[in-house]
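Accompanying notes for the structure given below.
Along the sequence shown, the residues carry numbers beginning at 1.
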Amino acid sequence: MTVDAPALVTPVPPPARKVPFERTHHGDTFVDHYEWMRDKESPELIEYLQRENAYTESVTQHQEPLRDAIFTEIKDRTQETDLSVPARKRGWWYYSRTEEGKQYGIQCRVAAHDTGDLGRDWTPPDVVPGQPVTGEQILLDGNDLAEGKPFFSLGGMSVTEDGTLLAYCEDNAGDERFTLRIKDLRTDELLPDEVPNIFYGLSFSPDGSRVYYTVVDDSWRPYQVRAHTLGTPVADDVVVYQEDDVAMWTGFEVSADRTQLLISIGCSEYSEYRVLDLARPADGLTTLISRDERILYDAEPVTIDDARYYLLTHDRNAKNSMVSLVAADQFTRPLAEQDWTTVIPHDDAVRVNGVTVTQTHLVLSVRKDTIERVQVLPLAGLGTPEQGLPAEPDFDEELFTSNLANAEFDSPIIRLVYASYLTPPRVYDYVLEDGTLELRKETEVRGGYDPAQYVAERQWAPAADGTLIPLSVVRRAELAQDGTNPAVIYAYGSYETSMDPSFSIARLSLLDRGIIYVTAHIRGGGEMGRSWYEQGKKLTKKNTFTDFVDATTHLSTSGWADPNRVAAIGGSAGGLLMGAVANLAPEKYQAIVAQVPFVDALTTILDPELPLSALEWEEWGNPITDQEVYRYMKEYTPYENVRPVAYPRIAAVTSFNDTRVLYVEPAKWVAQLRETTTGSEPIVLKTEMDGGHGGASGRYSRWRDVAWDYAFAADAVGATEVLSRSTSLVE
């Protein structure tokens with residue numbers, strides 16, 4: 001007698017109820033059948049998302065061994081017990097460390113000692129991963145703080161100048177609303193001061209009596225800077241500044257010399273600074289350059305020859321920005337009468353990102369040839385004919401990133417972090433006096449990683465209008481240009497954000513399966529300067545999407561990729577990109593992974609009461625007041641443009657508590673895609689019920705998330721097996 005094997009049951013997606021909801025603007029009516037999903041408190045909605053998760057798990061169940069393999073590869077290549085290079089602040093060396101098996105970092109410090117030898121005094125102590133550090137004091141253990149909580153994230157830390165008090169804030173929901181607490185580092189006891197519902201960023205006043213912090217309004221826009229005086233009721237906290245323009249973002253920092261509170265108010269096109277003298281806070285705020293002048297600028301106070309100045313990084317007659325030195329008393333005059341001295345002139349080929357200062361030097365962040373770099377200039381002679389030339393640390397790779405990690409005001413060194421697609425992060429100390437570089441650490445990659453087995457190179461893809469789009473292409477060295485290789489293409493392309501070269505342990509798992517990994521530096525990003533950004537925003541936004549499609553086409557015509565084995569990945573505004581290219585050219589992608597995707601952008605931006613929507617007007621335009629912007633956006637926004645074509649397999653990954661891109665956007669999009677597609681490829685929605693914009697908290701949870709996304713893409717392009725020469729096989 002034979003027994004028939006049970007028939008395989010094809011998973012069926014949960015039905016999505018349709019409720020017509022009309023949205024009318026500028027005489028145009030759009031019928032939205034899934035707007036009911038916006039009710040986050042609805043039991044029906046929560047049950048629906050849970051059924052979607054179950055469906056997703058069922059559809060992707062065969063990928064579980066691949067997910068487990070990628071997770072294990074990430075874990076095995078990572079030095080799990082590790083620590084950062086200690087950084088000095090006043091009388092202490094501060095660092096963080098991780099321990100194998102623990103999800104969260106541990107913040108620590110050890111005492112510093114002054115010998116009178118600056119070189120010795122600023123050389124970090126030699127600490128070894130896994131070995132006890134003599135005299136170590138644990139400031140915060142994230143694992144203890146996260147115990148029993150569904151989510152944990154630190155939103156900021158600040159230590160008083162004398163090192164006795166620590167202010168920190170934590171988020172336990174993923175919604176980026178933090179609770180501020182203060183710890184006495186002499187006793188390890190928490191003070192009774194506790195401030196709920198604050199945003200990122202906090203800082204002690206120089207005397208340690210107050211903590212400055214930021215608060216968001218109902219639409220999640222940071223709009224207030226407040227001061228809490230220790231030992232007083234939270235209800236008595238002072239509003240130092242409040243910004244009522246719903247299209248402006250407010251933030252603050254304490255100046256490098258610790259003399260001023262710098263409050264920045266701005267959007268992507270212009271800004272304003274209000275400054276508070278921290279020695280005389282009762283004097284109130286003064287304005288540097290009014291927003292009415294429509295100048296986009298940053299300000300940093302500096303003292304030269306006992307005179308007070310500001311270093312302005314600005315776009316006044318300088319699209320890529322420049323740096324000027326302005327005496328403090330000049331700001332009392334009308335702008336046209338002020339005397340500004342050029343320090344770093346404008347250059348069409350160099351984007352100036354900003355400056356900071358030490359006691360002796362100006363430290364400049366610039367972008368040239370798509371690459372972010374650090375330059376250093378002595379303050380002596382600044383703005384005079386005796387001004388020196390900027391010095392730049394020299395590195396030998398074509399594609400790299402060099403960032404300023406730390407610049408204490410009274411330090412003789414600055415700390416740089418260097419990384420590339422092939423070089424794990426390195427920490428250097430740069431000696432300001434003579435320009436020498438001291439390598440302090442290179443992140444260890446376990447498992448026999450050999451950079452010689454890989455290639456990272458620049459390619460240029462022609463766009464339809466003739467513009468050349470830079471691509472960063474990373475692959476195994478032995479791959480042939482024979483048109484058979486699978487590829488993953490990634491991009492962001494918004495807010496002048498640059499996707500800089502960086503090292504990724506997780507990416508090795510794709511490369512070792514023969515996948516070519518491509519980052520497309522499309523318009524709307526900042527890789528090629530301010531004009532590159534402006535060519536991909538507002539009424540030129542479609543360039544972002546067509547650039548990505550043209551970059552994908554280039555991969556195939558160049559012979560590097562099989563056109564039938566390409567997957568695309570993008571997140572947030574890059575998720576909007578994923579939705580747009582799915583509508584534009586679904587046939588070019590075997591799979592699309594859209595992470596926390598901004599796919600219902602027009603609905604969001606049309607409602608200024610929704611989180612952060614009014615702040616988007618400077619990026620996309622204001623479709624509420626501008627009929628042309630409304631028309632243009634409706635032509636490309638993913639949700640409104642789903643059409644009856646055969647869509648590739650699509651995974652929309654989101655978080656229930658995300659405040660930046662609400663879960664409802666991908667939920668609605670997936671429902672509309674399923675209803676409309678003429679193809680048979682699965683379209684799935686995966687919702688992290690306890691996560692925020694960055695997904696789940698904890699490093700192992702994040703590795704699981706990355707493994708899930710990568711497995712979805714690798715499975716779709718038929719690249720699930722490790723190549724025989726892979727470093728994954730090295731014990």
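Listed for the Ser205 side chain is a donor-acceptor partner under 3.5 Å among the backbone atoms of Arg210. Looking only at distances, a side-chain donor or acceptor of Ser84 sits under 3.5 Å from a matching main-chain atom of Ser96. In this structure, the side chain of Tyr710 does not engage the main chain of Arg507 through any donor-acceptor pair within 3.5 Å. Between the side chain of Arg274 and the main chain of Leu261, no donor-acceptor pair closer than 3.5 Å is present. Lys183 contributes a side-chain N or O that, together with a main-chain N or O of Leu139, makes up a donor-acceptor pair within less than 3.5 Å. With Thr214 contributing its side chain and Gly251 its backbone, the two residues share no donor-acceptor pair below 3.5 Å. A donor-acceptor contact shorter than 3.5 Å is absent between the side chain of Tyr490 and the backbone of Met499. In this structure, Thr98 contributes its side chain and Glu80 its backbone to a donor-acceptor pair below 3.5 Å. Between the Thr81 side chain and the Glu100 main chain, a donor and an acceptor come within less than 3.5 Å of each other. Without hydrogens or angle criteria, Arg221 side chain to Met248 main chain gives a donor-acceptor distance under 3.5 Å.
Judged purely by distance below 3.5 Å, without hydrogens or angles, the side chains of Tyr104 and Glu99 never pair a donor atom with an acceptor atom. Defined by atom type and a distance below 3.5 Å, a donor-acceptor pair is missing between the side-chain atoms of Glu243 and Thr250. Side-chain contact check for Thr115 and Asp121: at least one donor-acceptor pair (N or O, by modelled atom type) lies under 3.5 Å. Side-chain contact of His228 with Asp193: a donor-acceptor pair under 3.5 Å is present, judged by distance alone. Side chains of Asp500 and Ser498: a donor-acceptor N/O pair is absent below 3.5 angstrom, by distance only. A donor atom on one side chain and an acceptor atom on the other are not found under 3.5 Å apart for Thr443 and Gln79. At a cut-off of 3.5 Å, with distance as the only test, a side-chain donor of Tyr428 or Arg426 sits close to an acceptor on the other residue. A donor and an acceptor atom, one from each side chain of Ser655 and Asn657, are nowhere located under 3.5 Å apart. Side chains of Arg308 and Thr259: a donor-acceptor N/O pair is present below 3.5 angstrom, by distance only. Of the N and O atoms on the side chains of Glu136 and Tyr95, at least one donor lies less than 3.5 Å from an acceptor on the other residue. For the residue pair Gln103 / Arg699, no side-chain donor-acceptor distance below 3.5 Å is found, with atom types taken as modelled. Side-chain atoms of Tyr454 and Asp512 form a donor-acceptor pair, as typed in the model, at a separation below 3.5 Å. Checking Tyr213 against Gln224 by side-chain atom types alone, no donor-acceptor pair falls below 3.5 Å. Side chain to side chain, Glu397 and Ser420 meet the donor-acceptor criterion of an N or O pair below 3.5 Å. Side-chain contact of Glu170 with Ser153: a donor-acceptor pair under 3.5 Å is absent, judged by distance alone. Asn403 and Tyr418 form no side-chain donor-acceptor contact under 3.5 Å, judged by distance and modelled atom types alone.
Contact detail for Ala407 and Ile414: the closest heavy-atom pair is CB-CG2, 3.8 Å. Closest approach of Ser411 and Thr358 over heavy atoms only: O-CB, 4.5 Å. Contact between Asn172 and Phe152 at its shortest, heavy atoms only, is ND2-CD1, 3.9 Å. Closest heavy-atom contact between Ser255 and Pro301: CB-CG, 3.5 Å. Between Met157 and Leu202, the shortest heavy-atom contact is C-CD1, 3.8 Å. Heavy atoms only, all atoms of each residue included: Tyr421 and Ala456 are closest at CB-CB, 3.9 Å.
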Item to complete: Applying ring-ring contact (aromatic ring centres under 6.0 Å, His included), run through Tyr449 and Phe503 and close with a yes or a no.
Response: CA-CA 12 Å; Tyr449 169 68; Phe503 187 81; 5.3 Å; yes
Fill in: Evaluation steps, side chain to side chain donor-acceptor pair (under 3.5 Å), between Glu194 and Thr179
CA-CA 7 Å; Glu194 185 174 295; Thr179 298; 5.6 Å; no
Discussion item. Under the criterion side-chain contact (heavy atoms from CB on, under 4.5 Å), I'd like the reasoning laid out for Val275 against Phe252: C-alpha separation, chi angles, the key distance, then a yes or no.
Written reply: CA-CA 9 Å; Val275 300; Phe252 77 90; over 6 Å; no
Item to complete: Go through Val195 and Phe178 one step at a time and tell me if the side-chain contact (heavy atoms from CB on, under 4.5 Å) criterion holds.
Response: CA-CA 9 Å; Val195 185; Phe178 298 88; over 6 Å; no
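Both tests hold for Arg177 against Trp220: distance to the six-membered ring centre under 6.0 Å, angle to the ring axis within 45°. Remark: Lys75 fails to qualify as a cation-pi partner of Trp703 under the 6.0 Å distance and 45° angle criteria applied to the six-membered ring.
Here the CZ atom belonging to Arg440 is positioned 4.5 Å from the CG atom belonging to Asp429, to the nearest 0.5 angstrom. A distance of 6.5 Å separates CH2 in Trp93 from OG1 in Thr123, rounded to the nearest 0.5 Å. Between atom CZ of residue Arg67 and atom OG of residue Ser509 there is a gap of 14.5 Å, rounded to the nearest 0.5 Å. Between atom CG of residue Asn406 and atom CG of residue Leu416 there is a gap of 10.5 Å, rounded to the nearest 0.5 Å. Note that the CG atom of Asn353 and the CG atom of Leu364 stand 8.5 Å from one another [nearest 0.5 Å]. Here Arg280 contributes atom CZ and Asp277 contributes atom CG; the two are 4.0 Å apart, rounded to the nearest 0.5 Å.
Salt-bridge formation is not detected for the pair Arg88/Glu408: no Lys NZ or Arg NE/NH1/NH2 atom is positioned less than 4.0 Å from an Asp or Glu carboxylate oxygen. Ion pair Glu161/Arg258 flagged as a salt bridge, since at least one NZ, NE, NH1 or NH2 atom sits closer than 4.0 Å to an Asp/Glu carboxylate oxygen. A salt bridge is absent between Glu688 and Lys686: the closest approach of a Lys/Arg side-chain nitrogen to an acidic carboxylate oxygen does not fall below 4.0 angstrom. Residues Asp236 and Arg226 are not paired through a salt bridge, judged by the lack of any N-O separation under 4.0 Å between the basic side chain and the carboxylate.
Residues meeting the side chain to side chain contact (heavy atoms under 4.5 Å, CB included) test with Glu253, sequence neighbours left out: Leu262, Glu300. Asp709 is linked by a salt bridge (charged side-chain N to carboxylate O under 4.0 Å, His left out) to nothing, counting only residues two or more places apart in sequence or in another chain.
Counting heavy-atom neighbours within 6.0 Å of Glu444 CD, excluding the residue itself, gives a total above 12. More than 12 non-hydrogen atoms from other residues, nucleotides or ligands lie less than 6.0 angstrom from CG of Asp283. Within a 6.0 Å sphere centred on CG of Asp114, other residues, nucleotides and ligands contribute more than 12 heavy atoms.
You'll find the side chain of Phe400 stays beyond 4.5 Å of the side chain of Thr423, heavy atoms only. A heavy-atom distance below 4.5 Å is found between the side chains of Tyr212 and Leu276. Between Val355 and Val363 there is no side-chain heavy-atom pair separated by less than 4.5 Å.
Ring geometry for Tyr273 against Tyr297 counts as tilted: the plane angle lies between 30° and 60°, on a 0 to 90° scale.
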